[in-house]
Amino acid sequence: MSGIVILGGGECGSRAAFSARDQGYSGPITIVDEETGLPYERPPLSKPDAQGIIRKPICSADMLRDKAITLLDGLQAISLDREVRCVTLSTGVKLGYDKLLFATGASARQLTCDGGERALSLRTVHDAARIYDIAQPGTKVVIVGAGLIGLELAAVLVARGVDVSVLEYAPVALGRNVPRPLAQRIVDRHVSEGSHIFCGVEVDSITAGHVVLADGRMLAANLVVAAIGVAPRTGLAAVAGLAIENGVCVNDNLCTDDPHVFAAGDCASVQRGGIRQRFETWQNAQIQGDIAGRNMAGGQHAFDGPVWFWSDQFDLGLQGVGQTNGAVFATRKVDNDAEVLFYVNEASQLVGAVGLGRGNAIAKDIKLAQKLIEAGVSIVAEHLNDPDINLKTLLKPATTA
Amino acid sequence: MANWIDACAAEDIDEEDVIRFDYDGRTFAIYRSPDNVYFCTDGLCTHEQIHLADGLVMDHTIECPKHNGQFDYRTGKAMRAPVCVNLGTYATKVEGDRVLIEI
């Protein structure tokens, strides 16, 4: 029996299954997930409440049943034969397919230093449970990596009364995806809340109870967490002969060179600006999953919109959309402690925006920035700089006679 | 039994926009549509209890400021993942320059 087979039951794989059904696909749809239980959202894993981690299901068993989506959880796909279009599972069961989706996501990078295996990662609900179990008030936790996930975790643990140190190899924290002025504000907040942040440091080794730095310093640690990024899970796709370049290579329809095989989400790379790019955001997983699901069901949708992300650090909300590198074109002070930075291309079209403020102060402007990017309208800096000009008016210019 | 509450002045809400209204331990979102009609829904997104009034109103949809879930604020219907549970809606009326909601 063939149909749609989806490898991976995270945000992307789940979304693909429902979207294929929404598109009118009537054949069997099967999700194969290595984790057990219903698909769940990962963002809450770095945002536990007082009771601990929140396992927030993406869908209920009823929703899967209503849409005739079969979830095979706790199983692994171990081989793929593209000639006969068949996936073999860890149980030996063979699943034929008409369309196959790699939604295998990414796995946390491991530290390669001596004792690196002692560090935990934060990727799954089990990882999160182990971390919050050990990181009780009064314990010492060292987080390696001052990116968004490392700092989100630091914020949560400091608020719990944990003694937190964050180590970053690069000269600055959040250097990869947050503009300097906003990154500095986030770092300052962490320091004022009591985190110790060390940039430009290298980990030499991890022992039972300590992290040893290359300069000889030692930091006591009841727990070490590695938050040094993720690598796309492409193993099975590579063995099956699919092109791999920074992820499973797909076209704008999220199809590989094999018209029966798609890839989406963290594991997939698309051509953008002359290079193969992956987008490791929740929204990308959702949108690419939706597009891949529809296309496997016969649709012709292209992935072309700007990618959006958010991060919560204490009560500060960071959101970004599109390309947020290069020179800042305009800065909008939304209120006393909320601002949005804008980026344009040579044609003065908005290509990116990133903002930071308390709560959701910058959310509306970031959403409008996304729509302005999608609309491709040309922008003047004065309009963006002036918080009294509603960005919506730039999207819908008044029609004049 | 109908319980009409005076919520705000009609001009407190810009066209195609939303404000938050708290009453008696509850929170609501009150909208003014592009065609100048007022609507009222529950104030919190059904996905993660975020105040919708910080979100973006476009035409007849409200987009949650956090995770981009969308609702049709006229009916409360959930329009886009991750939201899948509809919002409660409440009748509104305008008397003079005041907007009243029925809760």
Side-chain angles (χ1 to χ4, degrees), chain A residues 11-12 14-19 22 39-41 43-44 47 49 54 56-60 62-63 66-67 281-287 289-290 293 305 307-312 317 319 321 334 338 355 357-371 390-393 395-396, chain B residues 10-22 27-39 41-73 77-87:
Chain A
E11 186 67 39
C12 182
S14 313
R15 189 54 49 208
F18 283 98
S19 291
D22 286 351
Y40 62 92
E41 297 190 10
K47 304 159 185 77
D49 64 13
I54 305 152
K56 189 173 172 57
I58 293 170
C59 58
S60 64
D62 285 349
M63 289 164 70
D66 288 349
K67 297 289 182 184
T281 77
W282 175 84
Q283 181 242 16
N284 180 64
Q286 192 185 81
I287 288 194
D290 178 62
V307 172
W308 169 86
F309 77 91
W310 89 94
S311 177
D312 297 328
Q319 292 195 17
V321 61
V334 178
R358 215 172 288 280
N360 293 311
I362 48 80
K364 208 178 283 192
D365 281 335
I366 292 293
K367 287 186 192 309
L368 283 164
Q370 176 167 350
K371 292 181 192 303
N390 186 339
L391 295 181
K392 209 185 274 185
T393 60
L395 194 62
K396 298 179 179 176
Chain B
E11 66 185 29
D12 285 347
I13 316 176
D14 292 337
E15 230 173 70
E16 200 180 32
D17 207 348
V18 59
I19 64 165
R20 170 177 165 179
F21 173 63
D22 292 347
T27 186
F28 302 90
I30 305 178
Y31 311 81
R32 180 174 172 186
S33 72
D35 43 354
N36 237 353
V37 183
Y38 292 81
F39 296 90
T41 70
D42 291 324
L44 299 177
C45 180
T46 57
H47 174 237
E48 278 199 4
Q49 305 291 297
I50 303 293
H51 282 284
L52 289 168
D54 289 327
L56 177 65
V57 176
M58 292 293 279
D59 296 325
H60 292 110
T61 62
I62 171 73
E63 188 170 347
C64 174
K66 205 64 177 186
H67 306 126
N68 301 340
Q70 281 185 0
F71 302 91
D72 183 327
Y73 58 77
K77 187 173 167 41
M79 307 285 289
R80 188 173 79 183
V83 297
C84 45
V85 176
N86 296 342
L87 290 170

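Order of the sequence lines fixes the chain letters, A, B, ..., with proteins taken first and strands second; residue numbering starts at 1 for each chain.
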Original post:
Out of curiosity, B:Glu63 CD to A:Gln370 CD, how far, rounded to the nearest 0.5 Å?
Top reply: 7.0 Å
**OP:** For the residue pair A:Glu41 and B:His67, confirm or rule out a side-chain donor-acceptor distance under 3.5 Å.
**Re:** no
Original post:
Between B:Glu48 and A:Pro44, what is the shortest heavy-atom contact and its length?
Top reply: OE2-CG, 3.8 Å
Original post:
Between A:Ile366, A:Leu368, A:Asp290, which residue shows the highest count of heavy-atom pairs closer than 4.5 Å to chain B?
Top reply: A:Leu368
**OP:** Could you look at A:Glu11 and say if it's the side chain, the backbone, both or neither that has a heavy atom under 4.5 Å from chain B?
**Re:** neither
Original post:
Could you state the interatomic distance from CD (A:Gln286) to CZ (B:Arg80), rounded to the nearest 0.5 Å?
Top reply: 7.0 Å
Subject >> Part of B:His51 lying under 4.5 Å from any heavy atom of chain A >> reply: neither
Original post:
Checking heavy atoms, do the side chain of A:Ile362, its backbone, both or neither come under 4.5 Å from chain B?
Top reply: neither
Subject >> Point-to-point distance, once rounded to the nearest 0.5 Å, from CD of B:Glu16 to CG of A:Asn390 >> reply: 8.5 Å
Subject >> Straight-line distance of B:Leu52 CG to A:Asn360 CG, nearest 0.5 Å >> reply: 10.0 Å
Original post:
When you measure from the side chain of A:Lys392 to the backbone N and O of B:Val57, does any donor-acceptor pair fall under 3.5 Å?
Top reply: yes
Original post:
Any chance CD of B:Gln49 has more than 12 other-residue heavy atoms, nucleotides or ligands included, within less than 6.0 Å?
Top reply: yes
Original post:
So how far is it from B:Asn68 CG to A:Trp282 CH2, rounded to the nearest 0.5 Å?
Top reply: 6.5 Å
Original post:
What residue in B:Gly55, B:Ala81, B:Cys84 has the most heavy-atom pairs under 4.5 Å with chain A?
Top reply: B:Ala81
Subject >> Side-chain heavy atoms of A:Lys367 within contact of B:Met58, under 4.5 Å >> reply: no
**OP:** Identify which of A:Lys371, A:Lys56, A:Gln283 forms the greatest number of heavy-atom pairs closer than 4.5 Å to chain B.
**Re:** A:Lys56
